[in-house]
Amino acid sequence: MTVLYLAVEMAILMFIGFFARKKRIVDERFTTSLAAFIFNFVFPCLVVDALQTKYKPGEILNSGILLGISVFSILLMFGLGFLVNRIMRKDDDLARMLLINLMFTNFTYMAFPVMSVLYGDVGKFYIAVYTIPVRVLFYILTPLILTLGRDKSVKLSAGQIGIAAPKSFLSPPVLAVPAGLALYFSGLALPVPIDAVIHSLAQVASPMGMVLCGVSIAAIPLSKIRKEYRIFLIAGLRLLLAPALGLGIYLLAARCFAIDPIVAKVSILYLALPAAATTTVMAVKAQSDATRAAQCVFVTTVFSVITLPVWSGILDLLVR
């Protein structure tokens, strides 16, 4: 039921943003300003806060396995998205959203509460480890995917990538990763007031992201969502095919290797989460199609109310 409650809560947060824009409580400038604030202040605090867990030397092996699975899953989803776009012969903003939404799920607001409640402190620690590569690659790759090659009049070159990539590496959310890791491995504690501020800002990251999605969706009639079949295709790939692939790979691997059941469940259930709400923030910042990004988050979140509890039950039956 926890999974169901979280999905419903996210949908309500989106509705609040939608309502605020429709009633003109906020205007179009609010979206850009809020996105910039979240990216430069809230996201870095979220990264540091997620790594403020006690260092456990005994978990080194499982941590290494989780890091490997995390990177492999991102590469697998990129390959799947690339294949789908090639088959459909699409290279527009929505095609880029398809790639991003397959590679990255809602790794903040949904991932931590779900894993913590279902699998306890171990689940919380494992998802913190699993999402280290996710956070680094999300903040590096998402701006590149959204911007590089979008202007068809300008030929994509290695020089463009060479200029864009360092900017992504030097963004505040990425710089927060080594800072968080240094605190994690050293065991050093931040001063109480600073830690409290970081935790407070981290707590509002996903609610703000979901509200931002609602504000962006309010810019167009909801009826237009029904006309874009690729949004529902993205939902099917994100919520059904991705976790099915993860479960299939686990069942094959389990024949040859002993795999910790909690490691497997965390890794597979992560693939069943809806699209990352923060994608809308990144789309706004990159001046991409934030409305489509918000639509993808909206549709995948709504359908996850049904699919997430189902996947949780399937994993309890098959992963032991």
Side-chain angles (χ1 to χ4, degrees), residues 1-20 26 30-31 33-54 104-132 134-136 138-139 171-177 179-181 183-184 188-216 266 269-270 273-282 284-285 294 297 301 304 308:
M1 292 300 290
T2 300
V3 178
L4 175 62
Y5 292 154
L6 285 172
V8 171
E9 185 178 346
M10 293 186 70
I12 293 173
L13 285 167
M14 281 194 292
F15 174 76
I16 291 172
F18 179 87
F19 179 82
V26 299
F30 175 82
T31 303
S33 298
L34 181 59
F37 177 79
I38 294 173
F39 184 84
N40 289 289
F41 292 97
V42 177
F43 282 174
C45 290
L46 180 65
V47 172
V48 173
D49 186 67
L51 294 171
Q52 295 306 292
T53 57
K54 187 177 180 181
F104 305 105
T105 72
N106 194 324
F107 54 86
T108 52
Y109 190 56
M110 289 289 282
F112 277 82
V114 167
M115 305 306 176
S116 178
V117 171
L118 291 180
Y119 310 122
D121 290 338
V122 174
K124 183 179 179 180
F125 174 74
Y126 282 175
I127 195 61
V129 173
Y130 186 98
T131 53
I132 289 174
V134 174
R135 295 179 188 280
V136 174
F138 178 80
Y139 295 119
S171 65
V174 176
L175 292 176
V177 172
L181 287 174
L183 291 171
Y184 171 70
L188 295 176
L190 292 169
V192 174
I194 295 177
D195 182 66
V197 169
I198 290 175
H199 182 70
S200 296
L201 285 174
Q203 290 292 97
V204 303
S206 286
M208 279 187 175
M210 299 309 297
V211 169
L212 190 61
C213 287
V215 174
S216 299
V266 167
L269 197 60
Y270 169 84
L273 295 173
T278 47
T279 303
T280 305
V281 179
M282 305 299 283
V284 172
K285 192 173 185 300
V297 174
T301 300
S304 73
L308 264 177

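Position 1 is the first residue of the sequence, and the numbers go up from there.
Ring-plane geometry between Y270 and Y130 is classed as tilted, the angle between the planes lying from 30 to 60 degrees on a 0 to 90 degree scale. The aromatic rings of F43 and Y139 sit tilted relative to each other, their planes meeting at an angle between 30° and 60°.
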(Q) Pair L308, L269 - check side chain to side chain contact (heavy atoms under 4.5 Å, CB included), show working. (A) CA-CA 8 Å; L308 264 177; L269 197 60; 4.1 Å; yes

Q: Report the C-alpha distance between L34 and V26 in whole Å, list the side-chain angles of each, state the deciding distance to 0.1 Å, and finish with yes or no for side chain to side chain contact (heavy atoms under 4.5 Å, CB included).
A: CA-CA 11 Å; L34 181 59; V26 299; over 6 Å; no

Q: Would you please test V281 and M208 for side chain to side chain contact (heavy atoms under 4.5 Å, CB included) and show each step?
A: CA-CA 9 Å; V281 179; M208 279 187 175; over 6 Å; no

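If you take NE2 on H199 and CG on L46, they are separated by 11.0 Å, rounding to the nearest 0.5 Å. In this structure, the separation between CG on L212 and CG on L13 is 12.0 Å, given to the nearest 0.5 Å. Put simply, CZ on F18 and CD1 on I12 are 15.0 Å apart, with the number rounded to the nearest 0.5 Å. Atom CG of L183 sits about 9.5 Å away from atom CG of D195, to the nearest 0.5 Å. Between L201 atom CG and I38 atom CD1 the span is 11.0 Å, to the nearest 0.5 Å. Taken from CZ in F107 to CD1 in I127, the straight-line distance is 10.5 Å, to the nearest 0.5 Å.
Residue F41 places its CZ atom among 12 or fewer non-hydrogen atoms of other residues, nucleotides or ligands, all under 6.0 Å distant.
Taking the side chain as every heavy atom from C-beta outward, V266 and L118 never approach each other to under 4.5 Å.
D49 places no side-chain N or O within 3.5 Å of a backbone atom of C45 that could act as its donor or acceptor partner.
Looking at every heavy atom in both residues, A176 comes nearest to P44 through CB-O, 3.5 Å. Residue V174 comes nearest to V136 through the heavy atom pair CG2-O, 4.2 Å, listed as atom of the first residue, atom of the second, then distance. Closest non-hydrogen pair, V47 versus P173, comes out as CG2-O, 3.8 Å.
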